[in-house]
Amino acid sequence: MSIYDSLNPQQKEAVLHDKGPLLILAGAGSGKTRVLTHRIAYLIEERNVNPWNILAITFTNKAAKEMRERVDSLIGYGAEDVWVSTFHSTCVRILRRYIESIGYSKNFTIYDADDQKTLMRDVCKYLNIDTKAYKEKSILSVISNAKNELINSVEFAKDSGNDYSAKIYSKAYTEYQKRLKSNNALDFDDLIFKTIDLFKTNDEALAYFQNRFKYIMVDEYQDTNTAQFQLIYLLSSGINRDGVKENNLSVVGDDDQSIYKFRGANIHNILNFEKAYRNTKVIKLEQNYRSTKNILNAANEVILNNTTRKVKSLWTDNDEGEPLNFTVYSNDLEEAESIADSIQTSYQKGDAKLSDFAILYRTNAQSRVIEDRLVRKNIPYKIIGGVNFYARKEIKDIIAYLKTIDNGLDDIAVKRILNVPRRGIGLTTSERVETYSINNEISFYEALKNAEYVPGLERTSSRIVPFISLIEGLKNNLQSESFSLSDIIDDILDGTGYLKELETEGSDEALERINNINELINTMTYYEQNAEQPTLSGFLEEVALISAIDNLDDTADYVVLMTLHSSKGLEFPHVYLCGMEEGIFPSYMIKNADNPKEELEEERRLCYVGITRAKTTLSLSAARQRMLRGEMQYNKPSRFVYEIPRHLLKSELPNNKVESFNKKNSFGINTSFTAKPFSTLSKNIGGNNLLALDYETGDTVKHIKFGEGLVIDITKGGKDYEITVEFKKFGVKKLISSFAKLKKIE
DNA sequence: TGTATGGATATTTTT
DNA sequence: TATCCATACA
């Protein structure tokens, strides 16, 4: 039996596709990674394609690693020669080799969001841009959008014409690029942008890679942006020996799972693929192997409300499974408590491992309450994302030292550590050095070396000298043959007294920082032992391109918490989708967006992604009130919940337990209950979901807290009703029908 | 130059 | 709520 026999007909067709462009529209859980890996195996084993002629591109390191492992297990040898990597690392590898032809040096550093912001702050100061009116972040986002659309600063300037704001952005863009270059640094977007730049200006480099990558595969194609599209287009447009353009490009994606528009992803890349590549073969994978029928149907129904999509419908041979849970809790604490409870119960019964559970939410901020509950119950968990490990102060400090040692041109790094730990070198000094460096067109570090000549620094220069000799000493260590990379952090810690300072402080926070630093040392040791040719630049590069999801270890047993975005591509037997509330999910941000309808559809795709992560059970939940940035929010259940057909949902028995932490709710009572919103719900044919009320004006109704009252008015407000009731004991109140569980009294 | 303080402010998703 | 920033003071 061959490895291809286990594939279904569509999968097989995709795997056995010969040459030319191939678009695989792969629904959630339809085995797309399987198809890609089998296709790679097929090309190598059956078509005698050289492994090194294959390039497979993913978005995360984790996906790349998985793909390589799977190819490895499929074929006997050669898997290690297949180039499997992310867009960004692919570009870094290309640039490390050829970047000199566009005027950077090979040991360029990569700026993360923090570095970008620091640099932009300097730029704004220099250009006298009022950062109240033009925030660093928004300027950076304008620049990022431009780069994603392959607009350089010169073209941007042309396009901005006489528009006042555009001119400011343009000036900032120009100066920002100038400084990146003099710092010998690239930001994330530059990695792609400059690679294209290189290919457009250096025919030899382009030809080399076109010739090398005869077969290209791209995963998650729906998330590519214009620049990435162009990159792939260039790489896949090589001419073969017979002078024919083969376009041996296979892309896999699902337009319904396109959730990175905010990051420049261009959904038209996938929607118009067939137009960009003539003679494209299109294959749809519609059989889902992951979820139960109930879960899949719920997902299908929700996504049906989107208008901009390729028509497809997923089906499955799997069991019907259990209906989905939907519970409305009175507040976020209770929601968290209940989720933790239910995980604990299943776990203790031995029904599942902890790693079978995932708790998904829209925003990172929501993780805090849940984390708190899990801690109290001693349930091991891991939060993916949130404050990035490499964004922590102590880690950034050490990294800045490493960058300074590696690339003295990186002014941002040098400035960061100049006075860390304190050396009595303050702002005034730093500014004088900077002025000197600008006037003399040298790097900040070079200027520091000349401190004694810098005007006004006669006295402080004595403090700068030891700093310089420290760095120079570390640089020298690195040169010596016997020196190992992993010693370098120890040397930094010793030489600077960084560790000592933390030890003396001795606070919990300081200990935590020490732990983090040790983790960094471990990472470095691991890198040194495993990399083919370990270098400091190589390590810094790896660290810069790491993503949150890469830290997910699927062999460890813990509950994972993450945003819906991070969950894409993963699957779990049991999924909790919490915070299913209007304003949270969909986010309130979409209301003020340029195109609310488009944004809503993106949120809905995100919901689709969330639902389709679940294999056997899915629990949705909402909270009637939740604390958000110190303010109490009252939200209605998410419209997405209403888009799930009633018959796919299970209503649980009321849950009236009294929790001590909940005593002080603003109503003075505990209203923990399991909502049954669908007992009173009817779905209109137009898709405009309205609650059907079982009472009308003039009826006597009963409210859980206010008791009996007379309905005096019912007004339609959006997708809900506002009910005015005159209560016997509490007077006239206005209530929202979906919250106030009013019961008609006969 | 360093630190403490209070007030303003910004709140989605991240390779 | 958490972070950032300006200002005042040591």
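- Contact check, Arg121(A) against dC4(C): no side-chain N or O comes under 4.0 Å of OP1 or OP2.
- Ionic pairing of Glu66(A) and Lys62(A) is present here: one or more N-O contacts between side-chain nitrogen and carboxylate oxygen are shorter than 4.0 angstrom.
- In the set dA2(C), dT14(B), dG2(B), the nucleotide with an atom closest to the side chain of Asn419(A) is dG2(B).
- Among dT1(B), dT11(B), dG2(B), the nucleotide with an atom closest to any side-chain atom of Arg422(A) is dG2(B).
- If you take CD1 of Ile384(A) and P of dT13(B), they are 15 Å apart, rounded to a whole angstrom.
- Ring geometry for Phe209(A) versus Phe213(A): interplanar angle under 30°, hence parallel rather than tilted (30 to 60°).
- In this structure, CE of Met562(A) is placed 11 Å from P of dT14(B), rounded to the nearest angstrom.
- dT14(B) atom C1' lies 16 Å from atom NZ of Lys62(A), rounded to whole Å.
- Considering only the side chain of Tyr260(A), dT14(B) comes nearest among dT14(B), dT1(B), dA10(B).
- A search for salt bridge (Lys or Arg N to Asp or Glu O under 4.0 Å) contacts involving Asp115(A) returns Lys396(A), Lys403(A), not counting sequence neighbours.
- Here the C1' atom of nucleotide dT15(B) and the CG atom of Leu231(A) are 14 Å apart, to the nearest Å.
- dT12(B) and dC5(C): their C1' atoms are spaced 24 Å apart (whole Å).
- Nearer to the 5' terminus of DNA chain B, by closest-nucleotide assignment, is the contact made by Ile425(A) (compared with the other of Glu599(A) and Ile425(A)).
- Within 4.0 Å of Arg423(A), counting heavy atoms only, lies no atom of the nucleic acid at all.
- When each of dT13(B), dA2(C), dT15(B) is scored by its nearest atom to the side-chain atoms of His88(A), the top-ranked nucleotide is dT15(B).
- Here the side chain of Arg263(A) is nearest to one of dT14(B), dT12(B), dT1(B), namely dT14(B).
- Among dT15(B), dT1(C), dT13(B), the nucleotide with an atom closest to any side-chain atom of Phe262(A) is dT13(B).
- Closest approach to the Thr429(A) side chain among dT13(B), dT15(B), dT1(B) is made by dT1(B) (side chain taken as heavy atoms from C-beta onward).
- Nucleotide dT15(B) holds its P atom 20 Å from the CG atom of Asn266(A), rounded to whole Å.
- Counting non-hydrogen atoms under 4.0 angstrom, Phe59(A) reaches the backbone sugars and phosphates but no base.
- Tyr221(A) has its ring centre less than 6.0 Å from the ring centre of Phe273(A).
- One interatomic measurement links the two molecules: CD1 of Ile584(A) to P of dT13(B), which rounds to 11 Å at whole-angstrom precision.
- By the side chain to side chain donor-acceptor pair (under 3.5 Å) test, Arg309(A) is found to be paired with Asp256(A), residues two or more places apart in sequence or in another chain being considered.
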Problem set entry | Intermediate values then yes/no, salt bridge (charged side-chain N to carboxylate O under 4.0 Å, His left out), Asp254(A) and Lys32(A) | CA-CA 10 Å; Asp254(A) 179 2; Lys32(A) 67 183 168 72; over 6 Å; no
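- We find that the ring of Phe87(A) and the base of dT15(B) do not stack by the test of centres under 5.5 angstrom and planes tilted less than 30°.
- For Asn364(A) and dT11(B), the shortest distance from a side-chain N or O to OP1 or OP2 is not below 4.0 Å.
- Across dT14(B), dT1(B), dA2(C), the shortest atom-to-atom separation from the side chain of Arg463(A) is found for dT1(B).
- Between Thr563(A) and dT14(B), a side-chain N or O to OP1/OP2 separation shorter than 4.0 Å is present.
- Rounding to whole angstrom units, CD of residue Glu220(A) and C1' of dT15(B) are separated by 12 Å.
- Note: Phe585(A) and Tyr361(A) fail the aromatic proximity criterion, with ring centroids not under 6.0 Å apart.
- Residue Lys135(A) has a polar side-chain atom (N or O) positioned under 4.0 Å from OP1 or OP2 of dA10(B).
- When the P atom of dT12(B) is taken as reference, atom CG of Leu564(A) falls 15 Å away, rounded to whole Å.
- Listed pair Asn225(A) / dT15(B) fails the phosphate criterion, with no side-chain N or O lying under 4.0 Å from OP1 or OP2.
- OP1 or OP2 of dT13(B) has not a single side-chain nitrogen or oxygen of Ser587(A) nearer than 4.0 Å.
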